[in-house]
Amino acid sequence: MSTGHKIKVVCRVRPFLKTEKPDTSVEVEANNVLRVSNPRDHTKDVKFNFDSCYGPDIDQATIYRNDVRPLVETMFSGMSATIFCYGVTGAGKTHTIQGSDTEPGIIPRALEHIFMHQQRDPYDYDIRIRYYEIYKEAVFDLLKPHDPTTSGLPIREDAQRKIFVAGLSEKRVTSYEQFDSIYQRASGNRRTASTKLNNHSSRSHAILTVQV
């Protein structure tokens with residue numbers, strides 16, 4: 001990432017599902033241009049510019065290498081970084097950010113990157129994670145077993161006027177394997193439901209914080 005960028009917006013177009021009829025209404029025209037057919041006049045197109053744009057044939061590794069790895073590298077210089085994945089239900093957010101065993105997403109690739117960097121660095125690392133979800137305007141700790149009797153954790157402001165989640169647990173991780181075990185188990189605590197586009201659609205917003 002260039003030093004001039006503070007915020008980058010990246011667009012990813014997912015492949016068509018088997019239940020969908022393929023068309024050319026949305027296409028990546030260049031590395032950073034998305035062409036969308038005008039729904040009011042199909043003879044005209046609307047074009048949108050992004051910092052990067054990926055079509056449905058681009059794999060997880062390419063996206064991580066081009067647009068995420070440089071951001072993770074800034075952490076080792078003491079910088080803070082945020083990766084936010086946004087889209088409608090069925091857009092492919094969970095696949096992009098979490099992935100699968102055969103196609104790991106941004107989170108597992110980033111943590112593997114951090115631990116590989118740790119092995120090459122002469123300094124000791126203290127790596128801690130928090131993982132929680134926002135469901136129906138309430139915050140729940142995903143690192144703890146779900147308690148149906150709780151109404152969520154309180155959100156408060158400290159003396160420096162910083163917002164924090166009171167009572168949120170934190171775990172120290174010393175290897176990628178340990179992180180992956182904790183992360184997979186915690187991800188199973190998320191709320192999901194069946195939709196027309198996804199049988200196991202996430203119904204909450206999940207946030208993973210990594211402190212190095």
Asks: Linking I/L/V/M/F/W/Y whenever any side-chain heavy atoms sit under 4.5 Å apart, do V13 and Y86 land together?
Replies: no
Asks: Let me check something: do V33 and Y54 share a hydrophobic cluster, defined by ILVMFWY side-chain heavy atoms less than 4.5 Å apart, either directly or through other members?
Replies: no
Asks: With rounding to the nearest 0.5 Å, note down the distance linking SG in C11 to CG in L34.
Replies: 4.5 Å
Asks: Any side-chain heavy-atom pair from Y176 and I114 closer than 4.5 angstrom?
Replies: no
Asks: Could you state the interatomic distance from CZ (R185) to CG (D180), rounded to the nearest 0.5 Å?
Replies: 10.5 Å
Asks: Please give me the minimum heavy-atom distance between Y135 and F140, naming the atom from each residue.
Replies: O-CE1, 3.9 Å
Asks: Find out whether I83 and I97 are in side-chain contact, i.e. whether some heavy atom of one side chain is under 4.5 Å from a heavy atom of the other.
Replies: yes
Asks: Hey, is CD on E157 packed in by over 12 heavy atoms from elsewhere, all under 6.0 Å?
Replies: yes
Asks: Check each of V68, V72, L71 against I106 using the side chain to side chain contact (heavy atoms under 4.5 Å, CB included) test, and report the only one that passes.
Replies: V68
Asks: Distance check, rounded to the nearest 0.5 Å: C53 atom SG versus R12 atom CZ?
Replies: 11.5 Å
Asks: Could you go through the side-chain contact (heavy atoms from CB on, under 4.5 Å) check for F50 and V28 one step at a time?
Replies: CA-CA 11 Å; F50 296 88; V28 176; over 6 Å; no
Asks: Quick one: does any side-chain atom of K93 pair with a main-chain N or O of V88 as donor and acceptor, under 3.5 Å?
Replies: yes
Asks: Between R35 (side chain) and T24 (backbone), is there a donor-acceptor pair under 3.5 Å?
Replies: yes
Asks: Looking at S151 and A138, what are the two nearest heavy atoms and their distance?
Replies: O-CB, 3.6 Å
Asks: OH of Y183 to CD1 of I107: how many Å apart, nearest 0.5 Å?
Replies: 3.5 Å
Asks: Does CG in N31 sit with more than 12 non-hydrogen atoms of other residues, nucleotides or ligands closer than 6.0 Å?
Replies: no
Asks: Closest approach of A186 and Y131, non-hydrogen atoms and distance?
Replies: CB-CD2, 3.5 Å
Asks: Quick check: closest heavy atoms across Y64 and R109, and the distance to 0.1 Å?
Replies: OH-O, 3.5 Å
Asks: Quick check: does any side chain N or O of N189 sit under 3.5 Å from a backbone N or O of H146, one acting as donor and the other as acceptor?
Replies: no
Asks: Side chain of Q178, backbone of T174: donor and acceptor closer than 3.5 Å?
Replies: yes
Asks: Could you check whether any side-chain N or O of E27 sits under 3.5 Å from a backbone N or O of S37, counting only pairs where one atom can act as donor and the other as acceptor?
Replies: no
Asks: Is there a path from V139 to I163 through hydrophobic residues (I, L, V, M, F, W, Y) whose side chains come within less than 4.5 Å of each other?
Replies: yes
Asks: Just by distance, do the side chain of Q60 and the backbone of E103 share a donor-acceptor pair under 3.5 Å?
Replies: yes
Asks: What heavy-atom pair brings F16 and E20 nearest, and what distance separates the two atoms?
Replies: CA-OE1, 3.4 Å
Asks: For residues N32 and D51, report the shortest heavy-atom separation together with the two atoms involved.
Replies: CB-O, 4.0 Å
Asks: Could you tabulate the donor-acceptor pairs under 3.5 Å formed by side-chain atoms of residues 164-173, not counting sequence neighbours?
Replies:
residue : atom : partner : partner atom : Å
S169    : OG   : D141    : OD1          : 3.2
S169    : OG   : D141    : OD2          : 2.6
E170    : OE2  : R130    : NH2          : 3.0
R172    : NE   : D126    : OD1          : 2.8

Asks: Please answer: with hydrophobic residues joined when any side-chain heavy atoms are less than 4.5 Å apart, are I127 and M116 in the same cluster?
Replies: no
Asks: Kindly write out the residues that satisfy ring pair (Phe, Tyr, Trp, His ring centres under 6.0 Å) with F76, not counting sequence neighbours, or none if the list is empty.
Replies: H113, H117
Asks: Just by modelled atom types, is the Q184 backbone N or O under 3.5 Å from a matching donor or acceptor in the S187 side chain?
Replies: no
Asks: Working to the nearest 0.5 Å, report the span between CG of N38 and OG of S25.
Replies: 11.5 Å
Asks: With rounding to the nearest 0.5 Å, note down the distance linking OG1 in T62 to CG in D67.
Replies: 10.5 Å
Asks: If hydrophobic clusters are built by linking Ile, Leu, Val, Met, Phe, Trp and Tyr wherever their side-chain heavy atoms come under 4.5 Å apart, do L143 and V212 end up in the same one?
Replies: yes
